[in-house]
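All residue numbers refer to positions in the sequence shown, counting from 1. What's counted below: heavy atoms across the whole structure, side chains too, no hydrogens, waters or symmetry copies.
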Amino acid sequence: MVAAVVLAAGAATRYGSPKQWRFLPAVLDRLAASPVDRRVVVVWGAHPPASDKLSQAGVRLVEARDWELGPGASLRAGLRALPDEATHALVALADGPDLDPRAVERVLAHRNESAVVAASYGGVRGHPVCLARAVWDRVPDEGGRALEALLVPCDDYDPPGDVDFADLEGE
């Protein structure tokens, strides 16, 4: 079973407001169109969820109290919240609203080839990322990027984005 962890714990200081709650609905819609099993955990930290509609939509909200340690702390909180039957976690960012469900499918197609599989765009590692349960306990504070990954080219798809500045939206 492949569950999803969506990271939404950051302070969004460069953006100037809690961007994750603005972009999360698009990410969740795109995950729903992907082959990920319908188990989705959204990890929050700096800013509490803006709506209780997420839990009504079947999304499990998990607080990462130690989110300030780095993205790995948030990721570990999400991984701990996944059901025992989950063998893999598909990791996405709440501020990546252009996540392509086909990139998710392509990354998941390689999940048995490596414990860490990541989409790449133009040779640059990006999201989504798939983590086998075998590496969940090895995620350092700097996050999954510190783990060596099999890169799966997704150059034929648009990258998911990583909205950091309000004035760069839509670029």
Subject >> Under 3.5 Å: donor-acceptor pair, side chain of Trp136, backbone of Leu131 >> reply: yes
**OP:** Look only at the side chain of Asp100 and the backbone of Tyr157, and say whether a donor-acceptor pair between them is shorter than 3.5 Å.
**Re:** no
Original post:
How many angstroms lie between atom CG of Leu150 and atom CD of Glu113, to the nearest 0.5 angstrom?
Top reply: 6.0 Å
Original post:
If you round to the nearest 0.5 Å, how far is OG of Ser34 from CZ of Arg102?
Top reply: 12.5 Å
Minimum heavy-atom distance [X]-[Y], with the two atoms named:
X      : Y      : answer
Ser74  : Val43  : O-CG1, 3.5 Å
Ala4   : Leu82  : O-CD2, 4.1 Å
Ala77  : Ala64  : CB-CB, 3.9 Å
Ala94  : Phe23  : O-CB, 3.2 Å
Gly126 : Ala118 : O-CB, 3.9 Å
Pro35  : Pro101 : CD-O, 4.3 Å

Heavy-atom side-chain proximity of [X] to [Y] below 4.5 angstrom:
X      : Y      : result
Asp29  : Val27  : no
Glu142 : Pro71  : no
His88  : Arg133 : no
Val5   : Leu79  : yes
Val36  : Val104 : yes
Arg60  : Val42  : no
Val6   : Leu24  : yes

**OP:** Could you tell me whether Arg76 and Asp137 make a salt bridge, using a distance below 4.0 angstrom between a side-chain N and a carboxylate O?
**Re:** no
Original post:
Hey, are Arg106 and Asp156 close enough for a salt bridge, meaning a charged N less than 4.0 Å from a carboxylate O?
Top reply: yes
**OP:** Go through the steps for Leu7 and Leu75 under the test side chain to side chain contact (heavy atoms under 4.5 Å, CB included), then give the verdict.
**Re:** CA-CA 7 Å; Leu7 300 177; Leu75 178 54; 4.3 Å; yes
Spell out, yes or no, whether [X] and [Y] are grouped together once hydrophobic residues are joined by side-chain heavy atoms under 4.5 Å, including indirect joins.
X      : Y      : answer
Trp44  : Leu28  : yes
Val2   : Leu99  : yes
Val107 : Leu151 : no
Tyr121 : Leu90  : no
Val62  : Leu69  : no

**OP:** Just jot down the salt bridge (charged side-chain N to carboxylate O under 4.0 Å, His left out) partners of Arg39, sequence neighbours excluded, or say none.
**Re:** Glu85
Subject >> Glu105 atom CD, neighbour heavy-atom count above 12 within 6.0 Å >> reply: no
**OP:** Could you walk me through whether Leu93 and His127 pass the side chain to side chain contact (heavy atoms under 4.5 Å, CB included) test, one step at a time?
**Re:** CA-CA 8 Å; Leu93 302 177; His127 284 87; 3.6 Å; yes
